[in-house]
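What follows is one structure encoded as structure tokens, with my remarks underneath.
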There are 2 protein chains.
Amino acid sequence: MCESPTPTRNPLERILDSSYELFSQHGVRAVGVDAIVAHAGVAKMTLYRYFASKDELVLAFMERREQRWTKGWVQAGASHRAASPEGRLLAIFDLFDEWFQRDDFEGCSFINVLLEIDDRQHPVHQAAVRHLFNIRAFLKHLAEEAGVRDPDGFSRRWHILMKGSIVAAGEGDRGAARAAQDVGRLLLAAEDITVDHSEHVSKASRQAVAR
Amino acid sequence: MCESPTPTRNPLERILDSSYELFSQHGVRAVGVDAIVAHAGVAKMTLYRYFASKDELVLAFMERREQRWTKGWVQAGASHRAASPEGRLLAIFDLFDEWFQRDDFEGCSFINVLLEIDDRQHPVHQAAVRHLFNIRAFLKHLAEEAGVRDPDGFSRRWHILMKGSIVAAGEGDRGAARAAQDVGRLLLAAEDITVDHSEHVSKASRQAVAR
DNA sequence: GGGGCACTAGACCGGTCTGTATAAGCCCAT
DNA sequence: ATGGGCTTATACAGACCGGTCTAGTGCCCC
């Protein structure tokens with residue numbers, strides 16, 4: 001009688017949920033549509049009723065990844081943990097640190113797709129580039145708020161730290177987030193020398209160091 | 001009569017050469033054994049005479065990648081371009097800068113394999129981790145020579161910059177090497193403040209900046 | 001010249017992939 | 001109750017995958 005509480009009865013949502021779980025965990029190339037429909041408990045024809053091809057499903061997955069991971073976790077989490085732009089930039093690596101300790105650490109799906117689909121003309125590859133660009137837009141926004149000299153260059157450097165630490169975590173380095181955060185503090189300190197010397201940074205640094 | 005000058009008549013070498021070209025360019029998952037034997041101009045049975053499985057061929061490819069890329073290009077190139085350990089660390093990004101401008105930029109095969117084969121127990125995945133560790137061993141050696149406080153941590157941070165810039169180049173950012181090099185200079189400068197103030201760094205920095 | 005060996009060419013096997021076709025079941029609204 | 005649309009289950013097509021088998025070819029060395 002009393003079944004599971006709202007077992008995501010909607011087939012479309014079940015497909016999207018299963019795609020998110022399987023694609024993010026094992027990659028879009030390793031997971032076939034059969035695995036997704038089996039995990040979702042729907043018929044394959046139902047999937048192809050909503051998506052013309054697997055590629056379109058992958059694109060929908062990446063949109064969802066941006067909503068959940070980029071916006072719902074990185075941006076919201078960083079904004080919640082610190083008030084100043086410098087503190088929010090550093091807080092990204094606090095989030096990463098917790099992320100890297102998880103046994104089901106799955107890496108950045110945009111990086112994974114970018115490298116899995118090497119054809120630069122492929123729409124899925126281009127979508128990965130676009131979603132990574134959107135992450136950088138958030139970093140650039142924070143950099144502008146922090147008043148750095150070159151917000152675009154700064155966001156690129158910060159993103160290099162993020163991506164490098166994610167790959168390092170994929171190797172098994174659980175301290176990669178702290179290592180990248182240390183470098184990030186140097187980046188901020190170098191900016192503060194020539195821009196300003198507000199106390200927000202030291203506050204965020206103390207908070208991060210204390211842990 | 002006069003055929004192509006020594007067309008790598010040896011079938012084993014033809015297989016290894018084709019594996020290197022195709023695997024490094026398109027990834028070990030996207031390239032099948034049929035494509036390799038076709039490119040090498042050998043019979044499939046010849047491949048399976050020398051390698052028990054595709055996985056073993058991939059392992060042989062990664063060994064060759066370490067010989068050619070890690071040792072023959074990164075380590076030899078950095079050692080040739082600068083004499084001091086600090087200069088050699090920075091020279092890595094000079095090499096990367098030229099690499100990133102190439103139209104056939106293929107990325108780091110070890111990172112690609114690491115993310116393509118997500119199973120941490122898989123020997124190919126573990127081999128990728130090992131080859132990345134070997135790169136870090138070279139960085140650690142330079143860090144020790146430079147006299148940094150924490151050579152292991154320093155090599156991890158430097159490697160994060162390398163890996164992050166490679167991913168950024170995969171996105172299409174042709175300036176990623178210079179961006180990472182700028183951050184690398186900050187790392188070296190931070191070390192010099194607390195360790196020593198030898199002139200090698202400033203020499204290397206001048207050399208790198210002057211270009 | 002003849003035996004042995006590496007190599008070639010191509011068919012072939014079982015499995016997996018994306019995507020389609022078909023037929024039956026279910027639910028809801030008229 | 002009776003359609004009609006959504007969903008299901010299942011089978012299937014065609015391509016590709018890693019890997020095997022076989023028959024035949026050329027070459028080198030005794």
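Every chain is numbered from 1, with letters handed out A, B, ... down the list of sequences.
- B:Lys54 places its NZ atom 8 Å from the P atom of D:dG19, with the value rounded to the nearest Å.
- Across the protein-nucleic acid pair, A:Ile15 atom CD1 and C:dG19 atom C1' stand 14 Å apart, rounded to whole Å.
- The CD1-P distance, from A:Ile36 to C:dT16, rounds to 17 Å in whole Å.
- Between B:Trp158 and B:Phe154, the ring planes lie parallel to each other; the angle is under 30°, not in the 30° to 60° tilted range.
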Identify each atom pair where a protein N or O and an N or O of nucleotides 8-12 of chain D are less than 3.5 Å apart, giving names and distance.
| from | atom 1 | to | atom 2 | distance (Å) |
| --- | --- | --- | --- | --- |
| D:dT8 | OP2 | A:Ala43 | N | 3.2 |
| D:dT8 | OP2 | A:Thr46 | OG1 | 2.8 |

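- By the neighbour-count criterion of 12 heavy atoms within 6.0 Å, atom NE2 of B:His80 is sparsely surrounded, having that number or fewer from other residues, nucleotides or ligands.
- In this entry the distance linking CZ of B:Arg29 with C1' of D:dC16 reads 15 Å, nearest Å.
- To the nearest angstrom, P of D:dC21 lies 16 Å from CG of B:Leu47.
- In this structure, the nucleotide among C:dG19, D:dC6, C:dT18 sitting nearest to the side chain of A:Tyr50 is D:dC6.
- Residues B:Phe110 and B:Ile135 come closest through the heavy atom pair CD1-CD1, 4.0 Å.
- We find that CZ of B:Arg49 is positioned 17 Å from P of D:dG19, with the value rounded to whole Å.
- Considering only side-chain N and O atoms, A:Tyr48 lies nowhere under 4.0 angstrom from the phosphate OP1 or OP2 of D:dT7.
- When distances are taken from the side chain of A:Val33 to each of C:dT18, D:dC6, D:dG18, the shortest belongs to C:dT18.
- Here the closest non-hydrogen pair linking B:Leu47 and B:Ile36 is CD1-CG2, 4.1 Å.
- Using bins of under 30°, 30° to 60° and over 60° for the plane-to-plane angle, the ring pair A:Phe105/A:Trp99 lands in the perpendicular bin.
- Atoms CG (B:Asp34) and P (C:dC12) sit 16 Å apart, rounded to a whole Å.
- Comment: A:Asp182 engages A:Arg185 in a salt bridge, judged by a side-chain N to carboxylate O separation of less than 4.0 angstrom.
- Contacts of A:Phe51 with the nucleic acid, taken as non-hydrogen atoms under 4.0 Å apart, are absent.
- Taking each heavy atom of B:Ala176 and B:Phe100 in turn, the nearest pair found is CB-CE1, 4.0 Å.
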